[in-house]
Amino acid sequence: MQRINAVNDFVIKFANVNGTGSASANNLFAKAVFRMGVPVVPKNIFPSNIQGLPTWYEVRVSEKGYLGRRGGTDIMVSVNPQSMVRDAQEVEPGGYFIYDSTKPLDPRLLRSDVQFIGIPLTDMCLRTYTDPRQRQLFKNVIYIGALAALLDIEFGVLKDLISDQFEGKEKLIAPNVHALEMGHQYARTHYECPLSIRVERRDLVGDAILLDGNTACGLGAVYGGATVAAWYPITPSTSVVEGFQRFAERLRIDPGTGRRNYAIVQAEDELAAIGMVIGANWNGARSFTATSGPGISLMTEFLGLAYFAEIPLVLIDVQRAGPSTGMPTRTQQSDLTAAGYAGHGDSKHVLLFPSTPKECFDMTAQAFDLAERLQTPIIIMSDLDLGMNEGMSAPLQWDDARRYDRGKVLSAEDLDAMSERFGRYLDVDGDAIPYRTYPGTHPTKGSFFTRGTSRDEYAIYTEDGAAYVRNMERLLGKWDTAKTFVPAPELHSAPHQTNTGLLYFGTTTQATMEALDLLAEQGIYVDAMQVRAFPFHADVDKFIESHDRVFVIEQNRDAQFRSMIINEMDCSPAKLVRVLNYDGMPITARLIASAVSAQSAAGAAAKDTSPVAKATKVTHLHKGKVERG
């Protein structure tokens, strides 16, 4: 059997039972590789129940710095009998299957192209520990110790991580180190170490940190000036507000009085939560909420109110697999149209698409400036993969000289200096953004009635069609103004001339970057553009116009991002090729490269043939399967 030979370039997957404490041990493995200076990306794949169902933890180790999912598994650590058949089938030829050998392995699982490594984890725990909970928890630590020997991970790094993890609980350090030593010694005694797949110390992570997107959003809200958060808990967004609370408890306390300068309200539902956020922003506080797809559905009417009444707010949508309850602990990018056009009637909302924890921090802080500058909802489109998984990130930075952009807000002095009548919805400057006042600014001037019904430029109720049209046209003009404020796209030009382009956004970014390299190895060169916001920048339109064919990478069934491009830019649908992934797992580089190369081959074969052949599209790409239509 030809084994995989790899140094700092492999995918390892842990198959466990949910609720057994495995995630902590598996995270210990990822952090050990990271501390050895090797780029690493962990993904926690967990069920929506509390305990008992299968759970997986996938770690990508990549010396080249690829931070997306590659696809495939080189080493499987399977300690869950429920998933063992599936786990064994998933291992790449030449890979390794590590399992609990306390009981004999079912012969039907054996494969001639995979090496099986048995470690009697349960038996070792039964002989060493008497407490049932310790037996369960230390089994996970034992296999981490074994992996340290098998993969040549520095044992001292693991010991240091244990010491850091249990700082202040020193009594727990020695038993955890002992469990590591048990596994390490067993592997060295019974197997040739290291394996053909191993880890070597490098200096490739620099000053990078491991951070999840939800925590970064919570901290970004603090630095962005948020003082009010109202929310209703929903997976996978709950930890956004929990993170905000942790940081606010440290950074939003008056040093003189000890008074808390923030408010966090857990509302009775999502509808109440966004209502509170609208009220706080209307009053002049920077306020936000966080939710996922079902919450977006409930918040839709209030989002329409904020759009029409022009009230700033920030909403963080950590997307999950829908529709309805869907798969609450799986990732997708399937709220795009629901969020972008939330509300009955004609409404459009600014969307920001972070792709890294650092962008979660930066874009959340920026969202509060955008919301007040544009006087409209700003929705940050994160997802479960980015929000709940730790990722390698550049350090977070903040310029202490930065000042908040509160937008067009008139003070009492401004109102006194005005000779003309104040009109809340007057376009004074030609950018379609009117001036506003905070409640109580002036005893006699600057007041207006905030309503969701139609009104004229002075906020006076009217059902006059002409006044209504003027207001709706101005809102559309403000949408054009927004294009000049939102983050611009990033262009990655191919090293050779090409008529093929690729559009991607959010968490498709890392896999796309690797896919471009895979395609280049095949001699296929593609220009690529990362779209970072909606409304789409003019550069997106130019990019599409300058290419004969543009692949659109997204993680939903209905190609929502592609539909939004067609709707907003009036470009030819025939030019935009769908590349879709929606099984709840993050998209892989292999999947993207396979779709583009297959279509490129089809395009070459169809060259100079009928228009029908040229119009062939990749309509769905799911689990590596290409369907044409």
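Between Arg320 and Gln332 the shortest heavy-atom distance is O-CB, 3.9 Å. Minimum heavy-atom separation, Gln510 to Gly68: CB-N, 3.5 Å. Considering every non-hydrogen atom in both Phe422 and Tyr458, the closest pair reads O-CD2, 3.4 Å. Closest of all the heavy-atom pairs between Trp398 and Ala365 is CZ3-CB, 3.7 Å. Across every non-hydrogen atom of Thr437 and Gly446, the tightest pair is OG1-O, 2.6 Å. Of all non-hydrogen atoms in Ile587 and Ala511, the two that sit nearest each other are O-CB, 3.6 Å.
Considering only heavy atoms from C-beta on, Glu420 stays 4.5 Å or farther from Val428 through its side chain. Between Tyr504 and Met513, some side-chain heavy-atom pair lies under the 4.5 Å cut-off. A heavy-atom distance below 4.5 Å is not found between the side chains of Arg532 and His537. At a threshold of 4.5 Å between non-hydrogen side-chain atoms, the residues Ile378 and Phe368 do not count as touching. Looking at heavy atoms from C-beta onward, Trp282 lies in side-chain contact with Pro439 at the 4.5 angstrom threshold. Annotation: side chain of Thr331 is not in contact with side chain of Gln319 (no heavy-atom distance under 4.5 Å). Within the 4.5 Å cutoff, side-chain heavy atoms of Glu310 are placed close to those of Arg424. A 4.5 Å side-chain heavy-atom check between Leu352 and Glu359 finds every atom pair outside the cut-off.
The main-chain N or O of Gly225 is found under 3.5 Å from a side-chain atom of Tyr404 such that the two form a donor-acceptor pair.
Legend: side-chain hydrogen bond (donor to acceptor under 3.5 Å, both in side chains) pairs involving residues 230-240, not counting sequence neighbours, sorted by first then second residue: Asn214-Ser239.
With 3.5 Å as the limit, one finds a donor-acceptor pair spanning the side chains of Asp429 and Tyr435. Residues Asn567 and Tyr341 have side chains that bring a donor and an acceptor to within less than 3.5 angstrom of each other. Remark: the Thr507 side chain and the Asp385 side chain contain no N/O donor-acceptor pair separated by less than 3.5 Å.
Tested against Glu249, the residues Arg246, Arg252, Gln245 include a single side chain to side chain donor-acceptor pair (under 3.5 Å) partner, Gln245.
Between Tyr223 and Phe361, the ring-plane angle classifies as perpendicular under the 30° and 60° cut-offs. Using a 30° and 60° split on the angle between ring planes, Phe536 and Phe561 fall in the perpendicular class, above 60°.
In this structure, Arg286 pairs ionically with Asp369, as a charged nitrogen and a carboxylate oxygen lie closer than 4.0 Å.
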Side chain to side chain contact (heavy atoms under 4.5 Å, CB included) evaluation trace for Ile380 with Val314: CA-CA 8 Å; Ile380 298 162; Val314 173; 4.2 Å; yes
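In this structure, Phe534 has its ring center no closer than 6.0 Å to that of Phe505.
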